[in-house]
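In what follows, a structure is listed as structure tokens, so that the remarks can point back to it.
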Amino acid sequence: MRMRNKYRKPTTFRCNAGSRCSTSAVVWSLVGCFFMFQLYTLVRQKDRLGGEIQFRVSNHPQFHELEQVEEENIQIPPPRKRSPRAAKRKPRRPTTLIDEFLDENSQIRHVFFPQKLAIDPMKDTANDSYYFYPGRIWLDTDGNPIQAHGGGILFDEKSRTYYWYGEYKDGPTYHAHKRGVARVDIIGVGCYSSNDLWKWKNEGLVLAAEKANETHDLHKSNVLERPKVIYNDHTGKYVMWMHIDDVNYTKASVGVAISDYPTGPFDYLYSKRPHEFDSRDMTIFKDDDGVAYLIYSSDDNSELHIGPLTEDYLDVTNTVRRILVGQHREAPALFKHEGTYYMITSGCTGWAPNEALGHAAESVMGPWEFMGNPCAGGNKVSRLTTFFAQSTSVLPVPGFTGSFIFMADRWNPADLRDSRYVWLPLIVGGPADRPLDYNFGFPLWSRVSIYWHRKWKLPQGWSGWKRI
Ligand code: DGJ
């Protein structure tokens with residue numbers, strides 16, 4: 001029997017001096033308003049893009065394969081047997097995949113940190129050549145694991161060579177004190193060169209730790225993280241910026257070094273708190289017009305700051321903007337596509353992985369808008385942990401507009417030298433596995449998607465291949 005609900009609102013109502021409007025009329029008016037709003041949004045976008053409406057979609061058939069959403073099911077092993085006494089003392093809560101990742105004795109450790117298989121360019125078996133395997137040990141041309149953590153890549157126009165710079169961490173991991181985070185003494189900044197982004201030659205330490213002088217920023221007892229190098233067209237110098245800190249991360253500064261050659265040696269110039277603010281995770285970004293910017297986590301990692309460098313890239317200017325205020329983001333990686341600036345950041349959870357977020361801006365100085373989690377494929381946990389890794393840089397793939405390589409670190413706090421590289425295709429404008437919920441489903445910004453692949457390679461025809 002149907003009951004009448006006295007609290008139910010009537011579906012029709014009176015309007016305009018007694019004429020009766022149906023619910024559908026109201027719905028259609030709302031739909032009309034919605035489309036008017038979308039039209040207005042498109043016109044605004046048109047203005048911003050210089051008069052031309054651009055529906056930025058990925059149009060490289062060679063990259064379509066990389067836009068396939070590849071699911072990955074990782075089975076959590078059954079719980080280990082415990083004595084009844086232990087079980088009573090501390091009841092077991094269900095294990096999650098992230099617990100397994102963080103447990104260095106996990107039975108599925110090999111899934112995250114495979115030991116036996118390595119990317120070995122010198123073995124060059126036809127089946128494996130040029131394949132990136134995110135998470136595998138990656139050997140250089142001498143057969144040693146690449147040491148370039150928290151790094152970035154410079155394409156040197158003069159030598160038409162890629163240089164990969166990063167933290168050289170091939171030393172023992174330890175805790176400086178009970179409450180200190182896992183660390184490796186500063187060894188220096190490693191540099192590797194390549195023509196194809198796959199086969200890397202070790203160019204040695206381009207900036208080495210200071211062994212004797214304990215007051216030096218680069219003394220081995222300090223912290224040197226996330227080094228990045230850019231070339232200054234005016235001065236003809238290669239300039240390195242890095243995060244410089246003390247063992248407790250209280251110095252919170254940036255360091256600057258300079259060289260005449262991409263392969264160093266770099267002369268260390270100085271460290272400072274940029275704009276007199278604390279600065280931890282950082283990166284630098286060189287825009288098409290040659291202006292370079294420093295972007296750093298500040299105010300105890302609660303916000304990011306961005307500001308242009310001086311013309312010689314050796315200092316910051318007085319201009320600075322606070323962005324992503326109160327959002328607690330770090331590990332910024334910036335890139336640009338068709339006039340729009342994009343940035344991937346991580347949350348702040350030490351060496352443990354967390355969710356990546358995308359941000360976009362029409363001006364590099366902001367305002368920056370939030371785009372959601374760019375990770376597609378894998379599984380729910382891997383998407384929520386940036387595929388168990390943390391952003392460090394985004395590298396454009398020459399010849400394929402809108403296609404980039406997302407570079408991330410899968411940190412291994414039990415043995416930091418064994419941290420792995422997670423490189424994945426990042427595509428602006430391709431389909432994502434779930435719609436992003438901004439602007440009622442009509443994005444103002446092209447989508448940014450990082451696609452999980454167990455193994456993948458750059459498509460034939462990207463410029464690097466021609467030089468092999
Ligand atoms: C997260 C940062 O992104 C890393 O560069 C490093 O500083 C770790 N924190 C240290 O816990």
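Remember, predicted model here, so these are calculated numbers, not experimental data. One-based numbering, in listed order, for ligands and for the atoms of each. Basis for what follows: all heavy atoms, side chains included, without hydrogens, waters or symmetry-related copies. This chain uses plain numbering: 1 for the first residue, then up along the sequence.
Within ligand 1, the atoms closer than 4.0 Å to a non-hydrogen atom of Glu330 are 1 (C), 2 (C), 3 (O), numbered from 1 in the order shown. Below 4.0 Å from some heavy atom of Arg226 lie the following atoms of ligand 1, by number and element: 2 (C), 3 (O), 4 (C), 5 (O). Close contacts of ligand 1 with Tyr249, meaning ligand atoms under 4.0 Å from a residue heavy atom, involve 7 (O), 10 (C).
Aromatic rings of Tyr342 and His359 (six-membered ring for Trp) have centroids beyond the 6.0 Å cut-off, not under it.
Counting heavy atoms closer than 4.0 Å to ligand 1, residue Arg280 contributes nothing at all.
Of the listed residues (Glu167, Glu225, His243, His149), the one carrying the non-hydrogen atom nearest atom 6 (C) of ligand 1 is Glu225.
The protein non-hydrogen atom at the shortest distance from atom 9 (N) of ligand 1 is Gly350 O, 3.5 Å. At the top of the distance list for atom 3 (O) of ligand 1, counting protein heavy atoms only, stands Asp281 OD2, 2.4 Å.
At least one N/O-N/O distance between Gln390 and ligand 1 falls below 3.5 Å.
A distance-only check finds no donor-acceptor pair linking the side chain of Thr250 to the backbone of Asn248 [under 3.5 Å].
Applying the salt bridge (charged side-chain N to carboxylate O under 4.0 Å, His left out) definition to pairs two or more places apart or across chains, those involving residues 162-180 are Glu167-Lys169, Asp170-Arg417.
Side-chain contact between Trp200 and Trp138: present, with at least one pair of heavy atoms (C-beta onward) separated by less than 4.5 Å. By the 4.5 Å heavy-atom criterion applied to side chains, Tyr293 and Ile284 are not counted as neighbours.
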Checking Phe113 against Asn412 for the side chain to side chain contact (heavy atoms under 4.5 Å, CB included) test, could you report, in this order, the C-alpha distance in whole Å, the side-chain angles of both residues, the deciding distance, and whether it holds? CA-CA 8 Å; Phe113 294 96; Asn412 177 356; 3.5 Å; yes

